[in-house]
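Nothing fancy with the numbering, it's 1 onward along the sequence.
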Amino acid sequence: MECLYWVLGFLLLAARLPLNAAKRFRDVLGNERYPGYKQEHSQLQGWSSDENDWDERLYPVWKKGDAKWKSSWKGGRVQAVLTSNSPALVGSNITFAVNLVFPRCQKEDASGNIVYEKNCRNDSSLSPDLYVYNWTAAWAEDGDLGTDASRHHVFPDGRPFPRPHGWRKWNFIYVFNTHGQYLQILGRCSVRISINTANLTLGPQVMEVTVYRRHGRAYIPIAQVRDVYEVTDQIPVFVIMSQKNDRNVSDKTFLRDLPIIFDVLIHDPSHFLNQSSIYYKWNFGDNTGLFISNNHTLNHTYVLNGTFNLNLTVQAAVPGPCPSPSTLPNPTPSSVPASDNSMELSEIPDENCQINRYGYFEAILKIVDGILEISIIQIAEVPRPVLQPDHSLMDFTVTCEGTIPREVCTIISDPSCQLAQDVVCSSVDVEETCLVTVRRAFKGPGMYCVNFTLGDDRSLALTSTLVSITGKDAAPHFRMVSAALIAGGCLAVVVLVTAILMYRKHKEYKPIKNSTEKVVKGHGLHVILHHTKAMFFPGNQEKNPLLKDHSGIP
């Protein structure tokens with residue numbers, strides 16, 4: 001009898017072996033478990049549990065480093081690039097995009113076939129065949145897609161392919177995996193999917209994608225990729241700061257007595273907050289109080305030098321359905337004011353509710369003195385030089401308010417202020433009074449745009465004027481035009497001046513910093529994601545009162 005029991009037990013064990021040996025999606029797609037991984041997850045709409053069986057007969061599974069990967073694609077390896085519009089506010093949609101990068105000289109044509117590009121020679125040899133993979137012919141071999149022929153037109157879990165119009169052009173199978181669930185779709189060399197984050201766990205998560213290609217009546221893996229994305233209950237906030245005359249806004253140093261423009265950017269690619277009421281609460285740290293606005297831009301002027309802590313809170317009231325009474329939390333005493341909680345539920349008369357979401361931004365700003373204004377107060381004719389009688393010389397007297405400049409640049413260009421004809425930059429030695437005289441030469445009669453910039457270590461101020469030069473037999477005529485009239489041209493000039501100063505920074509004298517107008521002040525989220533991924537996957541002269549200038553004369 002004991003022997004009979006042993007035989008029966010062996011038979012039962014043998015009967016279970018095929019079931020135990022069958023691969024599941026989690027065995028293929030989720031071999032690694034990451035920090036914060038949970039076995040139980042909320043169901044994502046349209047996704048399936050990775051406990052389902054994987055058909056290894058149609059979809060072979062190769063481990064990392066398997067030699068078969070080297071021959072999975074003609075001409076080299078295919079790279080899959082996975083991106084997302086993370087971070088995503090919980091409740092919004094997050095979009096993932098996968099793009100396949102083929103070996104050199106290969107591309108996907110309009111019919112979904114992979115072909116060799118014309119006039120592109122591979123490093124090894126140029127194939128005489130037009131096609132890398134002619135899947136149009138392969139589909140024709142399937143005939144009318146009878147029962148036998150279409151048996152292999154299924155996903156790894158055995159579900160049949162969808163057959164919308166043009167589906168035979170889709171020869172790649174993409175299997176997405178996150179939160180212990182998978183989504184399988186047909187596609188071409190680029191696909192996009194979106195999922196709602198309402199049921200996703202907060203914090204960093206991992207999305208994995210495995211890509212298969214058609215191979216006769218089976219499928220071969222060609223690429224695997226994974227990336228980290230972030231789901232947060234705080235509104236992702238970025239702030240752009242800009243200020244007139246500020247030389248380098250990236251150093252968070254700005255000028256006293258000039259307004260700083262603060263422009264708030266909310267990262268909301270799925271437009272989840274479009275129907276929300278949004279308020280911005282500013283504290284500039286200079287004892288001017290709290291500013292509350294519903295406008296995403298605000299100007300503020302610091303009137304004292306020093307270091308100030310800027311704090312911004314963004315509040316958005318997001319409309320949504322009210323929870324049932326049984327799901328409402330019991331009230332508990334708290335010392336934290338309701339307005340400071342990361343989420344609040346508020347009833348409104350039409351039995352809808354709103355969820356208050358918050359975003360935060362802070363920065364330390366340094367306020368210093370700088371050049372505030374610059375103006376041309378006099379233009380004077382200079383007698384024509386004997387050696388170059390065809391050139392007209394003009395003296396420009398420029399004054400400024402604020403700190404004393406240390407350098408001056410002048411640019412002579414066409415009347416539109418777009419095409420520079422002559423550029424001169426020089427250091428300036430002015431002790432107490434900002435008064436600089438610059439002599440410039442003009443090659444022949446005509447209308448010229450003349451741009452002047454005065455700068456120091458922290459600031460760079462500019463002004464422009466139009467000058468009309470007459471022939472040598474007529475008296476020179478010139479006129480000044482308000483810089484506002486040619487502001488569009490000045491923008492191009494500023495870019496040119498910046499390039500010149502950057503060149504001089506490395507070639508001649510004391511460093512001159514980039515004068516870019518704007519910079520994003522909110523890169524912390526990118527830094528956080530970066531560290532999270534690391535955790536998951538281990539000339540001429542000019543003159544001031546003491547300086548003569550004969551520049552511009554060739």
Side-chain angles (χ1 to χ4, degrees), residues 23-52 54 59 61-66 69 77-101 155-157 172-185 187 190-212 221-234 236 267 269-270 272 523-538:
K23 275 190 168 55
R24 295 174 295 177
F25 272 76
R26 61 175 299 181
D27 301 325
V28 177
L29 305 175
N31 292 326
E32 299 182 44
R33 295 308 182 204
Y34 305 100
Y37 177 84
K38 295 181 179 180
Q39 184 64 36
E40 298 297 331
H41 296 283
S42 299
Q43 179 65 39
L44 300 177
Q45 185 176 2
W47 291 56
S48 304
S49 170
D50 63 3
E51 297 294 331
N52 290 348
W54 175 282
Y59 293 86
V61 178
W62 299 341
K63 293 182 179 181
K64 186 177 180 180
D66 194 312
W69 284 102
R77 287 292 304 272
V78 175
Q79 181 182 4
V81 179
L82 171 62
T83 58
S84 72
N85 53 14
S86 168
L89 181 63
V90 63
S92 68
N93 291 336
I94 184 170
T95 299
F96 298 88
V98 181
N99 294 282
L100 300 182
V101 181
F155 287 112
D157 64 359
F172 297 102
I173 294 85
Y174 296 82
V175 184
F176 293 79
N177 178 39
T178 190
H179 274 243
Q181 300 166 63
Y182 69 88
L183 177 70
Q184 50 195 9
I185 62 173
S190 178
V191 297
R192 296 168 64 91
I193 67 166
S194 294
I195 58 177
N196 188 272
T197 61
N199 292 329
L200 294 184
T201 305
L202 297 180
Q205 310 294 334
V206 175
M207 176 66 77
E208 296 179 285
V209 183
T210 300
V211 186
Y212 280 75
I222 59 171
Q224 291 179 321
V225 64
R226 59 176 178 262
D227 196 17
V228 175
Y229 63 97
E230 180 88 11
V231 180
T232 176
D233 59 353
Q234 293 188 3
H267 181 70
S270 67
F272 177 66
H523 53 278
L525 282 171
H526 296 289
V527 175
I528 292 173
L529 282 177
H530 174 76
H531 289 297
T532 301
K533 290 185 180 183
M535 174 184 68
F536 279 90
F537 318 124

Is the shortest heavy-atom distance from the side chain of [X] to the side chain of [Y] under 4.5 Å?
{"X": "Val211", "Y": "Leu100", "result": "yes"}
{"X": "Asp227", "Y": "Met207", "result": "no"}
{"X": "Val98", "Y": "Ile193", "result": "no"}
{"X": "Ile195", "Y": "Leu200", "result": "yes"}
{"X": "Gln43", "Y": "Gln181", "result": "yes"}
{"X": "Phe25", "Y": "Gln184", "result": "yes"}

Give me the atom names and distance for the closest heavy-atom approach of [X] to [Y].
{"X": "Gly91", "Y": "Phe272", "value": "O-CE1, 3.3 Å"}
{"X": "Tyr59", "Y": "Trp54", "value": "O-NE1, 2.9 Å"}
{"X": "Leu44", "Y": "Asn196", "value": "CD2-O, 4.5 Å"}
{"X": "Ser190", "Y": "Asn99", "value": "OG-OD1, 2.7 Å"}

Sub-3.5 Å donor-acceptor pair from the side chain of [X] to the main-chain atoms of [Y], do we have one?
{"X": "Ser86", "Y": "Ile94", "answer": "no"}
{"X": "Thr210", "Y": "Val175", "answer": "no"}
{"X": "His267", "Y": "Asn85", "answer": "yes"}
{"X": "Thr95", "Y": "Ser194", "answer": "no"}
{"X": "Thr232", "Y": "Leu89", "answer": "no"}

Under the salt bridge (Lys or Arg N to Asp or Glu O under 4.0 Å) test, residues paired with Arg77 that sit two or more places apart
none

So Tyr229 and Thr178, side-chain contact (heavy atoms from CB on, under 4.5 Å) or not? Walk me through it.
CA-CA 10 Å; Tyr229 63 97; Thr178 190; 2.8 Å; yes

Can you list the residues that meet the side chain to side chain donor-acceptor pair (under 3.5 Å) rule with [X], with sequence neighbours excluded?
{"X": "Tyr182", "value": "Asn52, Asp157"}
{"X": "Ser49", "value": "none"}
{"X": "Thr83", "value": "none"}
{"X": "Arg192", "value": "none"}

Qualifying residues under ring-ring contact (aromatic ring centres under 6.0 Å, His included), relative to Trp69, sequence neighbours excluded
Trp62

After noting the C-alpha distance and the side-chain angles of Val191 and Phe172, does the key distance pass the side-chain contact (heavy atoms from CB on, under 4.5 Å) rule?
CA-CA 10 Å; Val191 297; Phe172 297 102; over 6 Å; no

Say you draw a straight line from [atom1] of [X] to [atom2] of [Y]; how long is it, rounded to the nearest 0.5 Å?
{"X": "Gln234", "Y": "Leu202", "atom1": "CD", "atom2": "CG", "result": "10.0 Å"}
{"X": "Arg24", "Y": "Leu29", "atom1": "CZ", "atom2": "CG", "result": "12.5 Å"}
{"X": "Ile185", "Y": "Phe155", "atom1": "CD1", "atom2": "CZ", "result": "8.0 Å"}

Measure centre to centre between the rings of Phe96 and Phe176, then say whether the value is under 6.0 Å.
no

